[in-house]
Amino acid sequence: MAAPLEASTTDRPRRAPTPPGVIAAWVVGYLVVGLAVAALQPELGQSPWYPPTAIGIAFLLLNGRRWWPLLLACELAISYAQYRSVWPAVISAVFTVGEEFAAVSLLRWRRFDPELRQPVDVMRIAVVAAVVSGVAALVAVPLVRLTGFENDGVTDMMRVWFVGEITGIVVFLPVLLLVVATPRRARRRLFGLTRGATAELTVVSVSGLAIVLWAFAGLDRAEVSTLEIQNIAPFLLCLLPVLWIAIRFGRARTAVFTLAANVVAIVALAEIGTPGHHSADPEIMAVQVFMLVMSLAGLLAATAVDAQALAQQKERAILDASPIAIITLDLERRVTSWNAAAERIFGSREHEAVSYTHLRAHETKANL
């Protein structure tokens with residue numbers, strides 16, 4: 001007799017132990033990216049995004065939450081490099097890893113699909129990122145200030161924490177889940193194209209990155225903080241290649257392109273080498289909003305198109321497996337689908353039957 005099902009519906013099947021080399025690769029990646037961000041941060045303490053949080057969420061999501069002590073050790077080193085003080089670093093590290101652990105718990109509770117097969121999975125990332133980043137910012141920043149560390153007003157410090165974290169998660173996490181987390185599939189997802197499609201993707205990607213570079217390279221920092229309707233057209237233009245790639249080339253390629261576009265935007269806006277300026281300052285929030293909009297719009301479009309295609313494939317498989325002729329009509333009574341049984345019974349191929357009126361379909365049967 002089969003054993004009763006006792007596992008919770010939210011539990012995942014037991015996975016094989018993760019090889020030590022994979023764990024080491026994630027940890028090294030977390031440290032390298034985090035220390036690079038710490039080294040490049042300006043004195044104000046703001047970076048356009050904070051990717052390590054996304055790396056931590058992907059790591060715990062794919063390998064299990066039991067690995068959080070490793071992330072805490074990494075985050076302590078990164079936070080100390082940022083704050084140069086022990087207690088602010090400890091508080092920052094604890095709350096950052098807490099964000100990662102809470103995000104994974106919430107995503108699993110909501111039955112999140114790491115493959116991002118539905119638009120709702122993209123929105124789950126955004127909502128969870130906003131919740132965990134907002135709570136951490138509200139609690140951690142006052143505690144950091146109690147230690148004597150102050151680099152701006154409390155509201156500005158909260159905003160820097162919140163927007164930097166949510167931007168890093170929304171931009172980086174899809175790339176990590178769709179490409180880095182499944183290296184065996186990455187080649188097919190990114191390079192499994194015909195020569196014509198590869199040429200098209202290359203042209204659209206290069207053109208899109210050029211548009212992003214043009215939109216941000218000539219933008220003064222004063223204008224970044226006061227974006228208005230009349231000068232937002234270049235940023236809307238940046239969305240066109242994102243949507244093109246989303247509709248034509250799927251989720252993984254869209255995620256990679258949006259990440260590349262965001263990097264180009266930051267580099268284009270940076271005033272490197274100018275005295276008194278840094279690659280990121282309070283006005284960078286407008287760029288963060290652009291990154292969020294571009295990433296969410298592209299991924300939502302890509303997942304919607306992919307989900308529709310998958311649904312059509314399933315519907316087609318069911319229709320063709322039926323021994324009964326199944327014909328579907330639109331509101332104008334034109335044939336929209338014609339399964340394999342209908343082809344056998346009526347003797348007409350689907351491409352011949354589609355767009356027939358209901359009356360003509362019956363005339364075809366009568367003639368046979």
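Heads up: numbering here begins at 1 and tracks the sequence.
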A.B. asks: Hey, what do you get for CZ (Phe249) to OG (Ser205), rounding to the nearest 0.5 Å?
C.D. replies: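 One gets 7.5 Å once the value is rounded to the nearest 0.5 Å.
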A.B. asks: How many angstroms lie between SG in Cys238 and CD1 in Ile211, if you round to the nearest 0.5 Å?
C.D. replies: 6.5 Å
A.B. asks: Quick one: closest heavy-atom pair of Glu99 and Val132, and the distance?
C.D. replies: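 Closest approach of Glu99 to Val132: CG-O, 3.6 Å.
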A.B. asks: State plainly whether one hydrophobic cluster holds both Phe95 and Val163, where clusters connect Ile, Leu, Val, Met, Phe, Trp and Tyr through side-chain heavy atoms under 4.5 angstrom apart.
C.D. replies: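 Different hydrophobic clusters.
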A.B. asks: If every non-hydrogen atom of Gly208 is compared with every non-hydrogen atom of Pro241, which pair is closest and at what distance?
C.D. replies: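 The pair with the smallest heavy-atom distance is CA-CG, 3.5 Å.
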A.B. asks: Suppose we screen for ring-ring contact (aromatic ring centres under 6.0 Å, His included). Which residues come up paired with Phe172, at least two apart in sequence or across chains?
C.D. replies: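 Scan of Phe172 (ring-ring contact (aromatic ring centres under 6.0 Å, His included), adjacent residues dropped) gives Trp49.
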A.B. asks: Quick one: are Leu62 and Leu177 in side-chain contact, heavy atoms under 4.5 Å?
C.D. replies: yes
A.B. asks: Listed by chain and number, what are the ring-ring contact (aromatic ring centres under 6.0 Å, His included) partners of Phe149, not counting sequence neighbours?
C.D. replies: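 In terms of ring-ring contact (aromatic ring centres under 6.0 Å, His included), with neighbours along the sequence ignored, Phe149 is linked to Tyr83.
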A.B. asks: So, do Pro51 and Val37 sit near enough that their side-chain heavy atoms are less than 4.5 Å apart?
C.D. replies: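 Side chain of Pro51 against side chain of Val37, heavy atoms only: contact under 4.5 Å found.
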A.B. asks: If you compare all heavy atoms of Tyr50 against all heavy atoms of Glu75, which two are closest, and at what distance to 0.1 Å?
C.D. replies: OH-OE2, 2.7 Å
A.B. asks: What distance separates Ile169 CD1 from Leu176 CG, expressed to the nearest 0.5 Å?
C.D. replies: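 Rounded to the nearest 0.5 Å, the CD1-CG separation comes out at 11.0 Å.
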A.B. asks: Just how far is it from atom CG of Leu107 to atom CG of Leu61, taken to the nearest 0.5 Å?
C.D. replies: 6.0 Å
A.B. asks: So which pairs with a foot in residues 296-308 pass side-chain hydrogen bond (donor to acceptor under 3.5 Å, both in side chains), sequence neighbours left out?
C.D. replies: Arg251-Asp306
A.B. asks: Tell me, please, which residues at least two apart from Arg253 pass salt bridge (Lys or Arg N to Asp or Glu O under 4.0 Å).
C.D. replies: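 Salt bridge (Lys or Arg N to Asp or Glu O under 4.0 Å) list for Arg253, sorted by chain: empty.
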A.B. asks: Do Leu138 and Val160 share a hydrophobic cluster (ILVMFWY, side-chain heavy atoms under 4.5 Å, transitive)?
C.D. replies: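 Unlinked, Leu138 and Val160 end up in two clusters.
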A.B. asks: Check whether any side-chain heavy atom of Pro52 lies under 4.5 Å from a side-chain heavy atom of Thr96, and answer yes or no.
C.D. replies: no
A.B. asks: Please answer: with hydrophobic residues joined when any side-chain heavy atoms are less than 4.5 Å apart, are Val242 and Val204 in the same cluster?
C.D. replies: yes
A.B. asks: State the OG1-CG distance between Thr198 and Leu190, to the nearest 0.5 angstrom.
C.D. replies: 11.0 Å
A.B. asks: Check the pair Phe101 / Ser105 against side chain to side chain contact (heavy atoms under 4.5 Å, CB included), numbers first and verdict last.
C.D. replies: CA-CA 6 Å; Phe101 193 93; Ser105 299; 3.8 Å; yes
A.B. asks: Under the salt bridge (Lys or Arg N to Asp or Glu O under 4.0 Å) rule, collect the residues that match up with Arg110, sequence neighbours excluded.
C.D. replies: none
A.B. asks: Using the salt bridge (charged side-chain N to carboxylate O under 4.0 Å, His left out) rule, collect all pairs that involve residues 130-149, keeping only residues at least two apart or in two chains.
C.D. replies: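 Those involving residues 130-149 are Arg145-Glu150.
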A.B. asks: Using the test salt bridge (Lys or Arg N to Asp or Glu O under 4.0 Å), find all partners of Arg65 that sit at least two apart in sequence or belong to another chain.
C.D. replies: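 Counting only residues at least two positions away or on another chain, Arg65 forms no salt bridge (Lys or Arg N to Asp or Glu O under 4.0 Å).
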A.B. asks: Do Ile125 and Leu116 have side-chain heavy atoms sitting under 4.5 Å apart?
C.D. replies: yes
A.B. asks: Could you list all the salt bridge (charged side-chain N to carboxylate O under 4.0 Å, His left out) pairs where at least one residue sits in residues 18-40, not counting sequence neighbours?
C.D. replies: none
A.B. asks: Membership question, hydrophobic clusters at under 4.5 Å side-chain separation (ILVMFWY): are Leu300 and Ile166 in the same one?
C.D. replies: yes
A.B. asks: Report yes if the side chains of Arg108 and Val104 come closer than 4.5 Å at any heavy-atom pair, otherwise no.
C.D. replies: yes
A.B. asks: Count I, L, V, M, F, W, Y as connected when their side-chain heavy atoms are under 4.5 Å apart, and connections chain through other members. Are Leu70 and Val32 then in the same cluster?
C.D. replies: no
A.B. asks: For the CG atom of Asn262 and the CD atom of Gln288, what is their distance to the nearest 0.5 Å?
C.D. replies: 10.5 Å
A.B. asks: Which residues end up grouped with Ile324 if you chain together Ile, Leu, Val, Met, Phe, Trp and Tyr wherever their side-chain heavy atoms are less than 4.5 Å apart?
C.D. replies: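 Via sub-4.5 Å side-chain contacts, Ile324 links to none.
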A.B. asks: Mind checking whether Trp87 and Leu143 have side chains closer than 4.5 Å, heavy atoms only?
C.D. replies: no
A.B. asks: Check salt bridge (Lys or Arg N to Asp or Glu O under 4.0 Å) between Arg248 and all other residues, then give those that pass, not counting sequence neighbours.
C.D. replies: Glu200
A.B. asks: Going through the distances and angles, do Val86 and Tyr80 end up as a side chain to side chain contact (heavy atoms under 4.5 Å, CB included)?
C.D. replies: CA-CA 6 Å; Val86 174; Tyr80 185 79; 4.2 Å; yes
A.B. asks: Can you find a pair of side-chain heavy atoms, one from Thr258 and one from Val171, that are under 4.5 Å apart?
C.D. replies: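 They are not in side-chain contact.
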A.B. asks: Over all heavy atoms of both residues, which pair between Pro88 and Val144 is shortest? Give the atoms and the distance, please.
C.D. replies: CB-CG1, 4.1 Å
A.B. asks: When you compare the side chain of Trp26 with that of Trp67, does any pair of heavy atoms fall below 4.5 Å?
C.D. replies: no
A.B. asks: Any idea which heavy atoms bring Leu76 and Val90 closest together, and the distance?
C.D. replies: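 Taking Leu76 first and Val90 second, the nearest heavy atoms are CD2-CA, 3.9 Å.
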A.B. asks: If every non-hydrogen atom of Ala297 is compared with every non-hydrogen atom of Leu243, which pair is closest and at what distance?
C.D. replies: O-CD2, 4.0 Å
A.B. asks: Let me see the working for Ile78 and Tyr30 under side chain to side chain contact (heavy atoms under 4.5 Å, CB included), right down to the final yes or no.
C.D. replies: CA-CA 9 Å; Ile78 295 169; Tyr30 193 104; 3.6 Å; yes
A.B. asks: What residues, two or more places apart in sequence or in another chain, satisfy side-chain hydrogen bond (donor to acceptor under 3.5 Å, both in side chains) together with Thr53?
C.D. replies: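 side-chain hydrogen bond (donor to acceptor under 3.5 Å, both in side chains) list for Thr53, sorted by chain: Glu165.
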A.B. asks: Val305: which other cluster members, linking ILVMFWY side chains closer than 4.5 Å, directly or transitively?
C.D. replies: Ile247
A.B. asks: Could you go step by step and tell me if Phe257 and Leu209 meet the side chain to side chain contact (heavy atoms under 4.5 Å, CB included) rule?
C.D. replies: CA-CA 9 Å; Phe257 175 79; Leu209 295 178; 4.0 Å; yes
